[in-house]
Protein chains: 2
Amino acid sequence: MGTPLPRDPIADAQRNWERHGWGDVAAPMAAITAIMRTQQILLARIETVLKPFGLTFARYELLALLSFARSGALPMNKASALLQVHPTSVTNAVDRLEKAALVARSPHPTDGRTTLIELTAEGRTIAKKATAALNSEVFGKSGFGDDDVDHLIRVLGAFRRDAGDFTEE
Amino acid sequence: MGTPLPRDPIADAQRNWERHGWGDVAAPMAAITAIMRTQQILLARIETVLKPFGLTFARYELLALLSFARSGALPMNKASALLQVHPTSVTNAVDRLEKAALVARSPHPTDGRTTLIELTAEGRTIAKKATAALNSEVFGKSGFGDDDVDHLIRVLGAFRRDAGDFTEE
DNA sequence: GCAATATACTAGGACATCCAAGGGTTTGGA
DNA sequence: TCCAAACCCTTGGATGTCCTAGTATATTGC
């Protein structure tokens, strides 16, 4: 946080790994560490853009997901699966979004265990505005070249598939 | 969390973006979302490997950093800068590592504002063992091909530089 | 049909991250 | 010299993530 470092700390770490005889895994270590740090930077940008809307990334993701659902509503367990987060994280996000009147809980018509989450009118409006802001301020200014974007999607997609996120494609 | 999805949720999101007329930023959105999810998967793997050592990734990073320091000690603000996290996060990590007797705080010899963090003998031992475990269980099995690793390092390195992480190189 | 198993959500706890503020130490300009 | 500004660390608060249990509802199998 703060001023730029004179040198890339991850490149330094990679050199340290090599110097200690772990040259065979130094590069993957550096790549993985770079992914962790890049995520941190991107998350900070996203949170900055969402803050004026009273949203965090976790809450925005849920809103965006709901806004694309055919019926406009989803069971919590479905949201948990699609967002790939723990069910309790969804409960947490829904609690806060409900308090902000952006979503509403309703009982599932046939399964008493299930709770449906539904966008309110205001939730839909906020979702649309927040998406527009993210598109113009973050996704539209990622700094990645088109080729790099394609490469990232392909490589990370294969990684996620191998990790068990999904099966097809 | 749990069973694989039948389809890639990020690819679905990308299609939704395109369907709503945001085709110009759909690909970067997908790439960024993939980075977020990949980080989540990698972090989970890392935490699993570190758990037997009583470490989290944040604490491990600090131990590893100290183990490469010439003097074996670093000021907290230096650690904060190199790890690229908020100073309070370092305070938090040091508190817990100190409680586990893996590091020790000591006053800076000439600057009364600064606190030095130093590895204990046990801290050094644990750091070495944890590094070996991560090397064999995570970095050595990343699933990324050599070319992909090089590409990630290069592309994410440029991104981090542009984001202001560091200057040279 | 009823008990055993499985599923869905929530409550409580451990950790991590950041921000805002506060108290102590140094530095630097008037 | 001396006080304001800058710097360093810690505390307290808000969020998010996960895990472990616990409660309620469904489904399955005998």
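Here is the naming used below: chain letters follow the sequence lines, and residue numbers restart at 1 for every chain.
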Donor-acceptor side-chain pairing of B:W22 and B:N16 below 3.5 angstrom: no
To the nearest Å, give me how far apart CD (B:E98) and P (D:dC9) are. 14 Å
How many whole angstroms separate atom CZ of B:R59 from atom P of C:dA14? 12 Å
Would one find a side-chain N or O of B:H86 under 4.0 angstrom from OP1 or OP2 of C:dC19? yes
Are A:R160 and B:D8 within salt-bridge range, i.e. N to O under 4.0 Å? yes
Distance-only donor-acceptor test (3.5 Å): side chain B:T88, base C:dC19: yes
Between A:T125 and A:A121, is there a donor-acceptor pair closer than 3.5 Å when you use the side chain of the first and the backbone of the second? yes
Measure from the side-chain heavy atoms of B:M76 and tell me the nearest of D:dT10, C:dT26, D:dT17. D:dT10
Which residue, B:P87 or A:P75, contacts DNA chain C at a nucleotide closer to its 5' end, judged by nearest heavy atom? A:P75
Considering non-hydrogen atoms only, spot the tightest contact between A:A127 and A:L63 and give its length. CB-CB, 4.1 Å
For A:L42 and D:dG16, give me the distance from atom CG to atom C1', rounded to whole Å. 17 Å
Side-chain N or O of B:T91 less than 4.0 angstrom from OP1 or OP2 on D:dC9? no
Under a 4.0 Å N-O cut-off, is there an ion pair linking A:R105 with A:D95? yes
Using a 4.0 Å heavy-atom cut-off across all strands, classify A:T110 as base, sugar-phosphate, or nothing. sugar-phosphate
Presence of A:N77 side-chain N/O under 4.0 Å of C:dC9 phosphate oxygens OP1/OP2: yes
Pick out the pairs of N or O atoms, protein on one side and nucleotides 4-6 of chain D on the other, that lie under 3.5 Å.
none

Touch class at under 4.0 angstrom, heavy-atom based, for A:D111 against every strand present: sugar-phosphate
Distance-only check: which donor-acceptor pairs under 3.5 Å involve side-chain atoms of residues 40-54 of chain A, not counting sequence neighbours?
from: A:Q40; atom 1: OE1; to: A:R37; atom 2: NH1; distance (Å): 2.8
from: A:Q40; atom 1: NE2; to: B:Q84; atom 2: O; distance (Å): 3.2
from: A:E47; atom 1: OE1; to: A:F57; atom 2: N; distance (Å): 3.4
from: A:T48; atom 1: OG1; to: A:A44; atom 2: O; distance (Å): 2.8

Nearest of C:dT17, C:dT10, D:dC9 to any side-chain atom of B:V85? C:dT17
Please check this pair: side chain of B:S80 against backbone of B:V85, looking for a donor-acceptor N/O pair closer than 3.5 Å. yes
Which class fits the ring pair A:H20 and B:F68: parallel under 30°, tilted 30 to 60°, perpendicular over 60°? perpendicular
Between C:dA16 atom P and B:L83 atom CG, what is the distance in whole Å? 13 Å
So, is B:T56 close to the C:dA16 phosphate, meaning a side-chain N or O under 4.0 Å from OP1 or OP2? yes
Any side-chain N or O of A:S89 under 4.0 Å from OP1/OP2 of D:dC18? yes
How many whole angstroms separate atom CG of B:L43 from atom C1' of C:dT17? 12 Å
Take atom CZ of A:R105 and atom P of C:dA8, then tell me their distance rounded to the nearest Å. 16 Å
Between A:F57 and B:K51, which is nearer to the 5' end of DNA chain D once each is assigned its nearest nucleotide? A:F57
Rounded distance (Å) that lies between atom P of C:dT10 and atom CZ of A:R96: 14 Å
Name the nucleic acid region contacted by A:T115, choosing base, sugar-phosphate or nothing; use a 4.0 angstrom heavy-atom cut-off, strictly under. sugar-phosphate
Taking only N and O in the side chain of A:Q40, is any of them less than 4.0 Å away from OP1 or OP2 of C:dA16? no
Round to the nearest Å and state the distance from B:M36 atom CE to C:dT17 atom P. 15 Å
